[in-house]
Amino acid sequence: MKGFDHLLAKSRRADEPLHPSLLLSGHLSDVYAAALRLLEATSNDQLFALGLDPAAYGERFRRIVLLAAAVHDLGKANDHFQEMIHGRRDIRVNPQGLRHEWVTVLMLSQLREWLLPVVDGSTDDFAIVEWVVSGHHPAHNHPSPPKGPPDQGGSGPEIYFLADHKDFSDILSWVKKQFDLASEAPSITPLKHNLVGGETVFGALRRWLRAGQQTWERWGILDRRLVAAAKNALIAADVAGSALPKAKPSDPNRWTWITESLMKKPERGDLQTVVNHRLNGNKPRPFQIEVASSQHRVTLVKAGCGSGKTLSAYMWAAKNWPTRRLYFCYPTTGTATEGFKDYLFEPDSELGGIGAKLFHSRRDVDFEIILTTGKDTESSEADAVARLESLEAWSTPIVACTVDTVLGLLQNNKRGLYAWPALAQSAFIFDEIHAYDDRLFESLLRFLRDLPNLPVLLMTASLPAVREEALQKVVGNLLPSIPGPDDLETRPRYRKATMTDNNPLALVAETLKTGGKVLWVCNTVGRVLETAERACAFCPLLYHSRFKYEDRVKRHRAVIEAFRSEGRPALAICSQVAEMSLDLSADLLVTDLAPVPALIQRLGRLNRRAKDSDRTKPFFVVEPEGPKPYLPYTAADLAAARVWLEKLPNDGISQQHLVEAWKHPDSQPPSPGESAWLDGGPETKVKELREASPGITVLMEEDRQRVRDRPKDLARLVLPMPPPPRSLDWRAWPKERGVPIAPTGTINYCPMRGAQWCE
């Protein structure tokens, strides 16, 4: 028995009593109980979201998920894992030779005949159980299945299965009782398995994978979706089963919090409360009424900045899905924060009790800094942060989040997987879809196609014809495309500024002299800093992505407040982050030449609140200079933008002009993209949702001690940076909580200007 009194599932603090949920037997029982509750609350929702008839698939789904929950961690009964969890194995020196989920797969191959009655004798459904179990810890660095022992070595030549331990025997007896199996479990032999040399466990796993792929290839799309649902259901049950309630293990109501959480959806009238609050006694526009009246499963709204799209979206949800959880998905954390603050965060009003919460990767930072909740609510928010992020989503009626939270599901990104039971019960609003890169847009198409029963509202200022064609094709040519209000779309807002050179500083000075507001948008952070040097006499505010997050939040707020102050001049020099996350109205826009969608977004910040009687406001487009002036875009992108600008009139330019001048070359419409979640079958991989951009996230050495003292401050202090100079070997830097530490003297940082690598 390798000297272990008990088989543990979780690590144990030195002063912590050995409570049942730390034991492997207790953890399996917890996850099984959580799975029961999860299925009770959302089984039909999960299946229906994927287009699976609960009457046809419900019982299969239930059997698969419950068996997977009961056995998913059997493989923790091995000497490598138990040595690690008991503190006898330093995995930095002696890593585990085989992760526990793959030990479970090898054990299940010997328990198959005994367990088949649980899945009604179906070898196909038992294969799903194996795939579900093997994939319940998806990660970029977990090969599926592993091809050999860890690259760094040190794991040893063999691994010992602790199937002869009394705790393991007790677990199998519990499984027998739970599923009313007629016979006793067979013995698992041999107990010792090779990791290197001769016949190894990795050869057995390769054969298992080949057999699984052959099974997968003969299945149709509905059975494949069942696999995806079952994988997520186990992951969700494992998360819930690991979030230990304070009730005693013997309390029959110990797990009721799961069903209670998933029942917390908007109450009838909640969403209308949001609408009424924003209308403030005014009547909605006909355009907004048309959006709200759409009863199609998917609706596309194409309207310019300032047209009232966001209010129309809440009206759509209030009228059509008043008691369904609502996910409002923004392209970035900045836009998610602003959308939440503008529409949902007013604790002193009637909105305060609805239960909407900001939900993205930096939510706790935004609550404390942007939303200035104050001491009275900091303690309750700290309690919320202490809960697992995924479980918070389950009990949140209205969620303002980044699109990654939802579409990340398709690529096995953890936040999406953990939120799955709540997602399956929800309606969705995807805002600014023109800002999606190709990969993200293809994931949106896949979401619309393979989750065919989830209601969706798509919103954009403009959209290439090929993308709209792709949406029409996926939705089945039933996608209503609702244009924005005519008066706003045709209202003159802009005019081209005429200048004889490429230097608009004189125009900036003239605007500021009369108390005007100037927004200057550059294509890179480097150009922001260079422009700020040239315009230093005007005391510009800088806003870009290369700040510590807590300082970026302050910069964001400073820009917004400067533009909202009456009669005081303001100049903000920003990078592309200004395209969507700044709700402001400028009197002059200066912008680097950029792709057409980016220019349309930037123009949306100019004369944003124009009335019919207002004069148009000027914009000037700067031609970037340098060795590769088109970066971070392509030369073709900028060439197309020049053609587009030439098509615009010199004055009286409206949103409609911007869209009509955007003629797109004939090209093939995008197709629904690959999905690690839906396409994996016996494999469970994690893929990137967005097109990767070069760069690293670091923590400055000067902030290291603060993170050690307050680990939750890590999110406040990390810095997104471009690749460092070649002279800096950042891969060799030490790490703090997984983040590379930039040594003192490598980064020049100012809270007002941001960060640069030192020369």
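Since this is a predicted model, take the numbers as computed values, not measurements.
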Results of side-chain contact (heavy atoms from CB on, under 4.5 Å) for A318 - residues two or more places apart only: L271, Q272, V275
D431: salt bridge (Lys or Arg N to Asp or Glu O under 4.0 Å) partners, not counting sequence neighbours: none
Interatomic spacing from CD1 in I398 to CZ in R324 - rounded to 0.5 Å: 14.5 Å
More than 12 heavy atoms from other groups under 6.0 Å of CZ on R706: yes
Ion pair check, E561 and R568, cut-off under 4.0 Å: no
P618: partners by side-chain contact (heavy atoms from CB on, under 4.5 Å), with sequence neighbours left out: R495, A497, L588
Under the side-chain hydrogen bond (donor to acceptor under 3.5 Å, both in side chains) test, residues paired with D592 that sit two or more places apart: R527
Residues forming a side-chain contact (heavy atoms from CB on, under 4.5 Å) with E468, sequence neighbours excluded: L300, K302, L463, Q472, S481
Residues that D438 engages under salt bridge (Lys or Arg N to Asp or Glu O under 4.0 Å), provided they are two or more places apart: R467
Test ring-ring contact (aromatic ring centres under 6.0 Å, His included) applied to F547 - qualifying residues, sequence neighbours left out: H544
Charged tip of K548 within 45° of Y749 ring normal and under 6.0 Å: yes
Contacts of R546 that satisfy side-chain hydrogen bond (donor to acceptor under 3.5 Å, both in side chains) - sequence neighbours left out: none
Partner residues of R534 under the salt bridge (Lys or Arg N to Asp or Glu O under 4.0 Å) criterion, sequence neighbours left out: none
Residues that D551 engages under salt bridge (Lys or Arg N to Asp or Glu O under 4.0 Å), provided they are two or more places apart: none
Partners passing ring-ring contact (aromatic ring centres under 6.0 Å, His included) against F428 (at least two apart in sequence or in another chain): Y327, F447
Qualifying residues under side-chain contact (heavy atoms from CB on, under 4.5 Å), relative to A641, sequence neighbours excluded: L593, V596, L599
